[in-house]
Amino acid sequence: MANRPRIVLLGRQGSGKGTQSARLAAHLGVPHVSTGDLFRTAVRDGTALGRRVGDILDDGGLVPDDMVIEVVREHAARRGLDAGGYVLDGFPRTVVQAEAYFGTDAALTQAGHRPDVAVELDVPAELVLARLAARRVCPVDGWTTTVEDPTVEAVRCPDGHLAVQRPDDTPEAIGRRLALYEVETGPLGPWFAAHGLLARVDGTGDPDVVFQRILDELEPFLDRSPATTG
Ligand code: AMP
């Protein structure tokens, strides 16, 4: 198996992408990179980047490609992601981002960031709507849960902080994010497939079962990877 796998996780908002990415990164011993988390941290810390992207995040829009690419390149260089492997969660979200970061050559070796595989978590739009409405997140430590009754506004995380709805989990913002996903991110499935790097996984059902499906689908890609073996 590839020593330091490089994996991209694709999937609609609410597909379980964040949970499965974190779990996969821990399982493989590689960094988990969530661009959503990077932006939310910048907003919380009130940095220049945070001030530029705060409203975009709250409205459920997409951060402009050039800003996203700059943030990811800088983060990748600082954390040595290419040598150390990665699970990318929420990046790329457009074909422009994918081409800027991974390259436009057929083998995707030019830019030096070639992934071993892109996993697409398949969950129907109707199902993710319900999941997002029921999601509660702790603003302090990122702890996430799904409440049985979506009218419940807040629950407490194990450390006792109030876990609330994300500002972009309102019905309006959810609608915008899902529509953007279809138009902007959907084409990435065929894009990775054209490079022979797409694994599609059924993301419905028990999270443990989904995780096992991901591991099963990954195996052949990681076994054959020339970029990260050795
Ligand atoms: P996420 O946690 O992945 O759902 O991301 C939260 C928000 O961050 C998104 O709704 C976007 O506003 C922004 N964002 C995260 N990643 C990207 C990206 N690759 N391109 C553009 N916007 C992004």
Side-chain angles (χ1 to χ4, degrees), residues 1-11 15-45 47-50 52-53 57 62-121 142 184-185 188-189 191-193 195-199 201 211 214-215 217-230:
M1 202 213 261
N3 268 348
R4 296 282 175 194
R6 302 173 178 189
I7 298 165
V8 172
L9 226 82
L10 300 171
S15 62
K17 178 171 57 73
T19 308
Q20 297 292 348
S21 295
R23 194 164 168 181
L24 193 58
H27 179 81
L28 298 170
V30 299
H32 169 213
V33 181
S34 155
T35 40
D37 283 349
L38 293 177
F39 291 134
R40 276 185 290 275
T41 303
V43 171
R44 197 188 57 212
D45 294 348
T47 65
L49 172 69
R52 288 173 72 189
V53 302
L57 260 67
L62 284 180
V63 175
D65 288 329
D66 50 350
M67 281 173 72
V68 182
I69 292 158
E70 194 185 318
V71 166
V72 172
R73 284 207 178 116
E74 192 269 332
H75 188 80
R78 192 154 35 88
R79 297 209 44 198
L81 290 190
D82 294 320
Y86 55 68
V87 175
L88 289 181
D89 164 8
F91 178 88
R93 246 181 171 93
T94 66
V95 170
V96 171
Q97 291 176 15
E99 291 189 339
Y101 194 66
F102 299 123
T104 50
D105 57 317
L108 294 188
T109 48
Q110 216 171 49
H113 303 293
R114 184 185 195 278
D116 297 312
V117 57
V119 176
E120 186 170 48
L121 270 185
E184 300 286 352
T185 312
L188 281 173
W191 189 85
F192 280 111
H195 291 95
L197 293 174
L198 186 72
V201 174
F211 185 63
I214 294 175
L215 292 182
E217 286 295 325
L218 281 182
E219 216 173 81
F221 287 90
L222 300 186
D223 279 346
R224 76 175 190 208
S225 165
T228 52
T229 45

Test side-chain contact (heavy atoms from CB on, under 4.5 Å) applied to [X] - qualifying residues, sequence neighbours left out:
| X | value |
| --- | --- |
| T19 | none |
| V53 | F39, V43, L49, L57, V63, M67 |
| R79 | P31, H75, L81 |

_Test: salt bridge (charged side-chain N to carboxylate O under 4.0 Å, His left out). Region: residues 17-35. Which pairs qualify, not counting sequence neighbours?_
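Of all non-adjacent pairs touching residues 17-35, those that pass salt bridge (charged side-chain N to carboxylate O under 4.0 Å, His left out) are K17-D89, R23-D208.
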Shortest non-hydrogen contact between [X] and [Y], atoms and distance:
| X | Y | answer |
| --- | --- | --- |
| G16 | L121 | C-CD1, 3.9 Å |
| R114 | A107 | NE-O, 2.8 Å |
| P92 | L188 | O-CD1, 3.2 Å |
| P5 | L222 | CB-CD2, 3.8 Å |
| A118 | L10 | CB-CD1, 4.5 Å |
| V30 | G85 | CB-C, 3.9 Å |

Among residues at least two apart in sequence or on other chains, which ones pass side chain to side chain donor-acceptor pair (under 3.5 Å) with [X]?
| X | value |
| --- | --- |
| Q97 | D65 |
| D105 | T109 |
| R40 | D37 |

_D66: salt bridge (Lys or Arg N to Asp or Glu O under 4.0 Å) partners, not counting sequence neighbours_ = none
*Who pairs with E74 by salt bridge (Lys or Arg N to Asp or Glu O under 4.0 Å), at least two apart in sequence or on another chain?*
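With neighbours one apart ignored, the set is R78.
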*For G90, does its backbone N or O pair with a side-chain atom of T35 as donor and acceptor, under 3.5 Å?*
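Indeed, once roles are kept as given, a pair shorter than 3.5 Å links the two residues.
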_Sidechain-backbone polar pair: D116 side chain, R6 backbone, donor-acceptor under 3.5 Å_ =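 Yes, D116 side chain to R6 backbone: donor-acceptor pair under 3.5 Å.
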*When rounded to the nearest 0.5 angstrom, what is the spacing between CG in L218 and CG in L24?*
5.5 Å
*asked:* Working to the nearest 0.5 angstrom, can you tell me the gap between L88 CG and R93 CZ?
replied: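 Here the rounded value is 12.0 Å.
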*Who passes ring pair (Phe, Tyr, Trp, His ring centres under 6.0 Å) against H195, sequence neighbours left out?*
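Only W191 meet the ring pair (Phe, Tyr, Trp, His ring centres under 6.0 Å) criterion with H195.
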*asked:* Between L108 and L197, is the side-chain contact (heavy atoms from CB on, under 4.5 Å) condition met? List the steps.
replied: CA-CA 10 Å; L108 294 188; L197 293 174; 3.8 Å; yes
*asked:* According to ring pair (Phe, Tyr, Trp, His ring centres under 6.0 Å), does anything in residues 76-95 pair up with another residue at least two apart or in another chain? List the pairs.
replied: F91-Y101
*Determine, stepwise, if the pair H27 / L215 fulfils side-chain contact (heavy atoms from CB on, under 4.5 Å).*
CA-CA 10 Å; H27 179 81; L215 292 182; 3.8 Å; yes
_Trace of the side-chain contact (heavy atoms from CB on, under 4.5 Å) decision for I7 with L28_ = CA-CA 10 Å; I7 298 165; L28 298 170; 3.4 Å; yes
